[in-house]
Number of protein chains: 2
Amino acid sequence: MNKEEKTLQHRNINPTAMRLLVLQYLSEQKKAISLKDLEEGLFLADKSTLFRTLKTFEEKKLIHSIDDGTGAVKYALCYENCNCAPEDIHYHFHCTKCDNTFCLDSVRAPSIELPRGFELKQANLVIKGICAYCNP
Amino acid sequence: MNKEEKTLQHRNINPTAMRLLVLQYLSEQKKAISLKDLEEGLFLADKSTLFRTLKTFEEKKLIHSIDDGTGAVKYALCYENCNCAPEDIHYHFHCTKCDNTFCLDSVRAPSIELPRGFELKQANLVIKGICAYCNP
DNA sequence: GTTCTTGCAAAATATTTGCAAGACG
DNA sequence: CGTCTTGCAAATATTTTGCAAGAAC
């Protein structure tokens with residue numbers, strides 16, 4: 001059993017050929033990808049299959065979704081022991097020049113003091129601007 | 001000239017009847033609204049007119065958009081002197097129970113230390129969980 | 001008349017589902 | 001066989017544009 005298969009099994013996902021392909025594709029990315037990106041990257045696979053694969057991965061917390069305001073939801077791999085819980089929250093950076101969206105792992109997301117009665121479960125934190133690769 | 005007209009003029013927006021209606025509707029809301037919400041709230045008006053009104057308002061920084069991950073972009077009024085600049089960034093709270101999204105004006109958004117080369121211009125910060133009104 | 005705004009229709013884009021065929025045990 | 005997965009087609013939802021008529025000055 002290879003590394004990817006183990007990853008899927010660890011998340012209770014049946015490791016089919018298609019899912020391994022999608023996982024491999026996701027692993028190769030430095031940026032978050034949309035369903036369309038995935039479709040273009042694995043052009044042999046069907047859109048709805050890919051859609052359902054992403055949903056399965058998300059549900060099992062292998063990937064997380066990011067709504068960066070570009071009109072298409074993007075996805076990125078979670079870290080090994082991520083549970084998509086408050087302590088796993090991190091920022092994302094959407095570069096308005098290259099239009100890529102990255103997970104900012106190195107930036108600590110501050111603990112957020114919410115008004116009384118509000119309970120944080122999840123977050124979608126997107127910073128927009130110019131990324132290091134586009135900045136002159 | 002009434003208050004709403006002044007608000008529009010202050011933002012360099014031609015105060016037409018339709019725009020005054022939309023502004024009034026937005027002012028009455030405690031939550032961010034989608035294009036669809038607006039359509040249903042002002043059911044006499046055409047969708048594309050409302051769409052363009054929102055775009056105009058956003059461009060002129062009278063309102064800001066929030067992508068809360070529900071699949072539809074929402075909009076909320078900016079504060080009087082908001083320029084949608086980094087210092088105007090604030091959190092939004094999306095309640096997964098009542099499905100409403102609010103601006104969290106009272107919570108200070110922390111200054112974010114980005115890696116070298118990254119330049120913040122904007123942000124879309126959405127916290128998800130249960131809001132104070134839904135919490136038992 | 002000229003410019004800005006609006007309404008209607010339709011295009012473009014993104015997301016989601018139904019169903020039947022296939023894979024796998 | 002029974003369950004899970006995949007592919008195709010199509011539905012749904014959302015956003016966006018073209019164009020002509022109307023309003024404002």
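Residue numbers start from 1 in every chain, and the chains themselves are labelled A, B, ... in the order their sequence lines are given, proteins ahead of strands.
Summarising the geometry, the separation between CG on B/D37 and P on D/dA13 is reported as 14 Å, rounded to the nearest angstrom. Rounded to a whole Å, the CG atom of A/L21 is 16 Å from the P atom of D/dT5. Rounded to a whole Å, the NZ atom of B/K55 is 18 Å from the C1' atom of C/dT6. Note: CD1 (A/I13) to C1' (C/dC24) measures 18 Å, nearest angstrom. Computed from coordinates, the A/L8 CG to D/dT5 C1' distance equals 14 Å when rounded to whole Å. Put simply, NZ on B/K74 is 11 Å from P on D/dT15, counting in whole angstrom units.
The backbone N or O of B/D68 sits nowhere less than 3.5 Å from a side-chain atom of A/D67 that would complete a donor-acceptor pair. A donor-acceptor pair is defined here as one N or O able to donate and one able to accept, closer than 3.5 Å; such a pair exists between the side chain of A/D37 and the backbone of A/S34.
Using a 4.0 Å heavy-atom criterion, one finds that A/T16 contacts the sugar-phosphate atoms exclusively. Within 4.0 Å (heavy atoms only), A/K47 reaches at least one base atom of the nucleic acid.
Counting only heavy atoms from C-beta on, B/R19 has its side chain closest to C/dT5 among C/dT5, C/dT16, D/dG7. Side chain of A/L35, nearest nucleotide from C/dT15, C/dT6, D/dT16: C/dT15.
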- Just by protein heavy atoms under 4.0 Å, how would nucleotides 17-25 of chain D read 5' to 3' in B, S and -? BBB------
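Ring orientation note: the planes of B/H92 and B/H64 are tilted relative to one another, at an angle of 30° to 60°.
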- Apply the test side chain to side chain donor-acceptor pair (under 3.5 Å) to residues B/D46 and B/S48: give CA-CA distance (whole Å), side-chain angles for both, the deciding distance (0.1 Å), then the verdict. CA-CA 6 Å; B/D46 182 74; B/S48 60; 2.6 Å; yes
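Under a 4.5 Å side-chain heavy-atom criterion applied to ILVMFWY residues, the cluster that includes B/I66 comprises B/V126 as well.
With sequence neighbours excluded, the residues forming a side-chain hydrogen bond (donor to acceptor under 3.5 Å, both in side chains) with B/Y79 are B/D105, listed by chain and number.
Both B/A72 and A/A45 lie close to DNA chain D; mapped to their nearest nucleotides by heavy-atom distance, the more 5′-ward contact belongs to A/A45.
For A/Y75 and A/F57, the ring centers sit 6.0 Å or farther from each other.
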